Structure formats: structure tokens, C-alpha cells
Amino acid sequence: MDILQALLNGFGVALQPLNLLLVFLGCLVGTLIGVLPGIGPISGVALLVPLTFALKLPPESALILLAGIYYGAMYGGSTTSILLNIPGETSSVVTAIDGNKLAKQGRPGPALAMAAWASFIAGTLSVLGLMTLGPLLAQWAIRFGPAEYFALMVFGFSTLSALAGKNLFKALTATALGLMLATVGQDPQSGIARYTFGVMQLEDGLDFLVVAIGLFAVSEVLMLLEEKTPGVIKAQVGRIYLSLRDFMGSLLTILRSSVLGFLIGILPGAGASIASFVAYTSEKRWLGPRGRLGEGDLRGVAAPEAANNAAAGGAMIPLLTLGLPGSGTTAIMLGALMSLGVTPGPQMFQQHPQVVWGLIASMYVGNAVLLLLNLPLVGLFVRLLAVPAWFLIPAVLAISFIGVYAVNNNPFDLLLMAFFGFLGYLMRKLEFPLAPVLLGLVLGYLMEINLRRAMTLSGGDVGYLFSSPIAIALWGLALLSLLAPWLLSRFHRRGLGGEEL
Amino acid sequence: MTDRIVGSLLLLLALGYGLEASRMQVSFFTDPLGPRPFPYIIALLLGLSALGLLLRPDPEPTWPPKRFWAVLGLVLLSLGAYAYSVVPLGFVVATTLEMTLLAWLFGASVPRGFLAALVFSLVLYLLFTEGLGVGLPSGFFFP
């Protein structure tokens, strides 16, 4: 009953006029961001964080806006995947397989409607999961001390590194680079300046937003400049409808993929893109010859769309209960919350219930908003693609200038942004994953402070880090996840892991 | 080959980063761990990953044509110039110039790009300063 009461209070927060407006705005802007090629959820959220600061929003409203943009963008990405075979971000790559085939077969309407319904159902289910699992996990995690926290972050980094890219060494390098960036500035305990090279502007450390916008948004612009995307794209949308028969035929797929996506979303590091891949392949195996996945089956749209939306909900669990972001986007949300004076973690359910429950309730509202917004308006969104690239891309960059400048009112940050843009471009070219850099930067401070607290508590005994069952379990899981890619590849070679996608 | 070069550079970076940590002046009043070990752990992690990269490099990445490096250099230089000029010139002027350059690189004619950039920068400036109360440098054109 406690949970119901808390959820009711959450709805009280979410249904306030300001927050209702923000959910709507977040979903709308998020969808636009998702539809536009070149800016994915990460850049979208990063670009809009400064706006939440500028508007002086309370933390719960800021988070509601950012979350709306997050799942709005996840949703919008599917639209371009289906209509144009241009996946806006990695999680809609799979949707493009069947979705675009359907569009080419003259059925873009059902495919788009299926994406909307699958996202809605999965989103709703994942909110239910978040509601029941979140408080449980928070109650359990409240006993975490510095040793457990340190182990938890090691676990987070190892799963992220194992899953983030094809090459484990590159992912680990990216993690190390992020942690290095986190040590720039004043040492948290003694206050001495580290790695500032006498540059005064670096004394306060690197701002996560400057790094995020540089790494993701600016580098994306550089990539687009290299590819020279086509100027004007035309797409036929037609009527958005879904027959009851089609809907019922895909319902089980949606339910299965939602559960799978949600569970994958909870794992740190395994984000929406992995969820959609796994859901699609397992659905393909599950249906066998009954399905025509890959040739334009509606279930091929339903599975990845349900999974990636459910994963977004699942990713909120480690973020809210442990303060551990599982992806680049949630890392930005964590950074934003910390800047607003709220440190996510197990205590948050007690200390800031209006933030947690307001967010959960708003996600519920947001799912409905997305459905209402998208079924009739997809055609309108797609028209945005007719805006020529020569205007759109520089315009996005100009907005990011404001975001970067507004953080500290310091033009030096613009220089840093350009540097990280170039670094991001090189890393993309060399196939280094970018998300671990951001996670390292956001978590590095917490990781070091917990390590040093643990050492203070134990008087410098390293064994303290491995002294509790929870800590040992987390260290074990960390080790296991680093071995996972190697173990999986062995299974694949023996043919036990099923076919590769 | 590229990964081997990158790996070597990263190894140097790990060494330099670790060395810099060892030279940190520690005040007498601090926790048992002090500010050094955490950077050491990172240096070790980076060093090991760099070694891994050296020993098991990926196949060659596809680099853009030589001409693109000039374009990239131009864009990065202009971004640097933007950082230095945005305060003296003001947001609208600096952003218009930067957007015009980018629009031209993305294939627009200079007059079209300039006009679109000017209008968009003005709209952004008014929206953020007047509408949202974000301080942006006004420069000498907008007192």
C-alpha cells in the first residue's frame, strides 16, 4: 500500500500544470530530436540540460523534462528508420530491418502505428516494473557502505566496457580516459589542484555538459560533414492505422520483448540498442518458421521498439536506486541532477520522494502523451526532414554553443568543446565507444571519494574493499562480466548461442 | 597499424599521467590514501588496455580522403576562433559567421547561408536572453 500511496503522491507532482506542460514539451522536442538525423537521445538531452538550469526548474521538473526528451527521442528514431531506412540512433537499427521493408511494401502506416503501440505498452509495463522493483532495490541498497559503492562502480564500468563495443581494450581505454578527465581539477579531499597544468579555468574540473556536447554533438556534426548527408528527403507516410488482427498477432511479441528489454535495461552498460538486438533475435528464434522476420513482419517492428522503450524504463532503476547510470543518456541525467543538488542513490526514495515518484508518474503520463502525439502527427514530424542539412546542422551546433556557454558563462568552455568534438570524431573513426568516457567522468569523483572513505574507515586496509558479502558478490560479477564477451564468443563458435544477427 | 600507433600513444599518456600523479604535493593533513593512488589505478588500467591494443589491433579504419582533413582543420580552427571572438563580437555576430561557414561547407550558397544564419542567431539570441533570461554576450552591436 505504501507504494500506491507514494505513486498517488507522484501523480500529484506529475499532474501539476508546469510538470504536465514539461512532459508534453519533452515528448514533443524529444520526438523531433529523434526524427532529425544526426542528433540522438544523448545529444538531445545534453543540449537541453542548460535550458533546465536557465529556467531554474526544481529538480523533479528538470528530470521530468529530460526523461520526456529521452524516451521521446527513442520513439522518434523509429520513424525515420521505418520510413527512410535511416536509423537516428543505434537502438533503431533493428527496427529498420522489417520496418523499412514494410514501408517499401506500401505498409508504412501499420509499421508506424505498431511502433507507437509497442512503445506505449512496453513503456507502461516498464513503469510498473520500475514502481515495484525500484523501492525494493533501494531498501536493499541503503545498507551500501563506501566499499560496496566502490565495488558497484567497478561492476558498472566492467559491464559497460564488456558490452559497449566490439573491442574490450578500446572500451576499457575509453573508461580510463573518462576517469582521467574526472581527476582534472581539485582533489576532493585535500583540495590541491591536479592535472590543471596551471590553467586556471581547469581548477573547478571539467564540466560534464561541455564534454558531453563536444564528444557527442560536435563530433556528430564532423561525421556528417564527412558524409555530406543528402539535402532534402521525401517520405510518404499515408494513413497511420493498425488493424485489431495485426495488433493481437503482435501482442505476445510485445509482452515478451518488454520483459526482456526491461531486464536488459537494468544491467549497467546494456542499453536500449542491446535490448532491441536481443529482443529481435530471440523473437526470431521463438517464432521460427511462423514468423517472417526480416522480410517485413510487423512483429519485427514490435520486438525492438517494445524492447528499447522498456530498456529506457529499466535503465532508470540503477540510476535512481544506486546512482549508477547505465548509459550515456542516463549519465547526463545523473550529472544534471547532481548539479541541481540531488545525488541519486538509495536515500533518494526517502529524501526526495517527489523527484522519484514524480518522475515515475510522469513517465506514465508521457507514454500516453507520446501515443496521442504520434499517431496523428507523424506526418507532420516527417516534414521536418525536408529542412535542408545545410541549415539544420549548423543550427543544432549554434544551440549547443549556447548550452556550453551557459554552464559557466565562460568562452573557454567553447574551446574545450571543440577539443572534445575532435577527440570524439577520432574516437568514432577508430571505433572507440564514447559512452564510457562520459560515465567515467560523471562517476570518477564518486568512485574516488568512496575509495578514500573506505580507506579512512579501515585505516588504510585494502582488504576492507572485499570484506562484505555484497562487495564480494559485486567484485565477482565485475570479473564475470569482463569475461562475458570471451565466453559468449566460445558459445557462438560451438553453435550454442544461436545465429548471429 | 593505426591501432598500434594509438596504443603506443596511449601508453605514453598512461606513463605521463602516472608520473604527474607521483609529483603531487601531498599536504600533511589528509586521508590514509591521499590523492595519488586513484590516478595510479587509472594509469594502470589505461596502460594495460593500451598494451592490449598494441598486441591485438583491429583492422585498419577507413580514413576520409585527404581533402577532408583540410575541411576538418578549418572547422576546428573556426570553432577556436569562435571561442575567442564570441565575447568581443557578441553572440549574434560570431554565431552568424560560424553558421555561414558551416552552411557553405554543407553545400549552401554564401548569401543564402548568411541570411539563414543571421535570422536564426537573432531568434536564438532573443529567445534565450529575453525569453529565458540566459546571459549571452551582446558584443558592441547590441548594447
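If you're wondering where the values come from, they're calculated on a predicted model, not measured in any experiment. The chains referred to below are lettered A, B, ... by the order of the sequence lines, with proteins before strands, and numbering in each begins at 1.
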Exercise. Is there a side-chain contact (heavy atoms from CB on, under 4.5 Å) between B:Leu124 and A:Phe401 once you walk through the steps?
Worked result: CA-CA 11 Å; B:Leu124 273 188; A:Phe401 292 160; over 6 Å; no
Exercise. Relative to chain B, which of A:Phe412, A:Tyr195, A:Phe419 shows the most heavy atom pairs under 4.5 Å?
Worked result: A:Tyr195
Seminar exercise, completed: When the 4.5 angstrom heavy-atom criterion is applied to A:Leu416 and chain B, the contacting part is neither
Exercise. Could you give the distance from CG (A:Leu224) to CG (B:Leu102), rounded to the nearest 0.5 Å?
Worked result: 11.5 Å
Exercise. Just wondering, are more than 12 heavy atoms of other shown residues or ligands nearer than 6.0 Å to CZ in A:Arg428?
Worked result: yes
Problem set entry | Max heavy-atom pair count under 4.5 Å with chain B, selected residue of A:Met180, A:Met455, A:Lys56 | A:Met180
Seminar exercise, completed: With chain B, the option among A:Ala176, A:Ala182, A:Ala454, A:Ser458 that has the most non-hydrogen atom pairs under 4.5 Å is A:Ala176
Problem set entry | Which atom of B:Ala83 lies closest to which atom of A:Pro411, heavy atoms considered | O-CB, 3.2 Å
Exercise. Measuring heavy-atom distances to chain A, does B:Leu10 have an atom under 4.5 Å in its side chain, in its backbone, in both, or in neither?
Worked result: side chain
For this session: With a 4.5 angstrom heavy-atom cut-off, could you sort out which part of A:Phe432 is near chain B: side chain, backbone, both or neither?
Result: side chain
Show every donor-acceptor pair shorter than 3.5 Å between a side-chain atom in residues 93-101 of chain B and any protein atom, with sequence neighbours excluded, or say none if there are none.
from, atom 1, to, atom 2, distance (Å)
B:Thr95, OG1, B:Tyr82, OH, 2.8
B:Thr95, OG1, B:Phe91, O, 2.6
B:Thr96, OG1, B:Val92, O, 2.5
B:Thr96, OG1, B:Ser121, OG, 3.3
B:Glu98, OE1, B:Ser78, OG, 3.3
B:Glu98, OE2, B:Ser78, OG, 2.9
B:Thr100, OG1, B:Thr96, O, 2.5

Problem set entry | Close side-chain approach of B:Val75 to A:Leu222, heavy-atom, < 4.5 Å | yes
Exercise. Between A:Leu426 and B:Val6, does a side-chain contact (heavy atoms from CB on, under 4.5 Å) hold up when you go through it step by step?
Worked result: CA-CA 11 Å; A:Leu426 287 179; B:Val6 172; over 6 Å; no
Exercise. Near B:Tyr84 OH, under 6.0 Å, is it more than 12 heavy atoms from other residues, nucleotides or ligands?
Worked result: no
Exercise. Which residues satisfy the side-chain contact (heavy atoms from CB on, under 4.5 Å) test with A:Ala147, sequence neighbours excluded?
Worked result: A:Tyr464, A:Leu465
Exercise. What is the distance from atom CG of A:Leu179 to atom CD1 of B:Ile41, rounded to the nearest 0.5 Å?
Worked result: 9.5 Å
Exercise. Roughly how far apart are B:Arg23 CZ and A:Arg194 CZ, rounded to 0.5 Å?
Worked result: 15.5 Å
Exercise. How long is the gap from CD1 on B:Ile42 to CE on A:Met447, to the nearest 0.5 Å?
Worked result: 8.0 Å
Exercise. Using a heavy-atom distance cut-off of less than 4.5 Å, which residues of residues 51-59 of chain B contact chain A?
Worked result: B:Gly52, B:Leu53, B:Arg56, B:Asp58
For this session: Please identify each residue that fulfils salt bridge (charged side-chain N to carboxylate O under 4.0 Å, His left out) with A:Asp207, with sequence neighbours left out.
Result: none
Seminar exercise, completed: Counting heavy-atom pairs under 4.5 Å with chain A, the top scorer among B:Pro61, B:Ala103, B:Ala116 is B:Ala103
Exercise. Any idea which heavy atoms bring B:Gly113 and A:Trp390 closest together, and the distance?
Worked result: CA-CZ3, 4.0 Å
Exercise. For the atom pair CG (B:Leu127) and CD1 (A:Ile399), what is the distance rounded to the nearest 0.5 Å?
Worked result: 9.0 Å
Seminar exercise, completed: Scanning both residues in full, the closest heavy-atom pair of B:Ser49 with A:Thr173 reads CB-OG1, 3.2 Å
For this session: Could you please spell out the steps behind the side-chain contact (heavy atoms from CB on, under 4.5 Å) verdict for A:Leu172 and B:Leu45?
Result: CA-CA 7 Å; A:Leu172 285 175; B:Leu45 176 66; 4.2 Å; yes
For this session: Could you tell me which portion of B:Leu136 (side chain, backbone, both or neither) has an atom closer than 4.5 angstrom to a non-hydrogen atom of chain A?
Result: both
Problem set entry | B:Phe38 and A:Arg452, any side-chain heavy atoms less than 4.5 Å apart | no
For this session: Would you please classify the geometry between the B:Phe68 ring and the A:Tyr425 ring as parallel, tilted or perpendicular, with 30° and 60° separating the classes?
Result: tilted
For this session: State, with a plain yes or no, whether a side-chain heavy atom of B:Leu79 is found less than 4.5 Å away from one of A:Phe422.
Result: no
Problem set entry | Derivation of the side-chain contact (heavy atoms from CB on, under 4.5 Å) call for B:Val87 and A:Tyr405 | CA-CA 11 Å; B:Val87 171; A:Tyr405 183 83; 4.2 Å; yes
For this session: Determine whether A:Pro394 and B:Phe120 make a side-chain contact, defined as any pair of heavy atoms from C-beta on separated by less than 4.5 Å.
Result: no
Problem set entry | Part of A:Leu397 lying under 4.5 Å from any heavy atom of chain B | side chain
Exercise. What about B:Phe106 and A:Phe391, are their ring centers closer than 6.0 Å?
Worked result: no
For this session: Give, as side chain, backbone, both or neither, the part of B:Ala21 having an atom under 4.5 angstrom from any heavy atom of chain A.
Result: both
For this session: Name the region of A:Val218, side chain, backbone, both or neither, that has any atom closer than 4.5 Å to a heavy atom of chain B.
Result: side chain
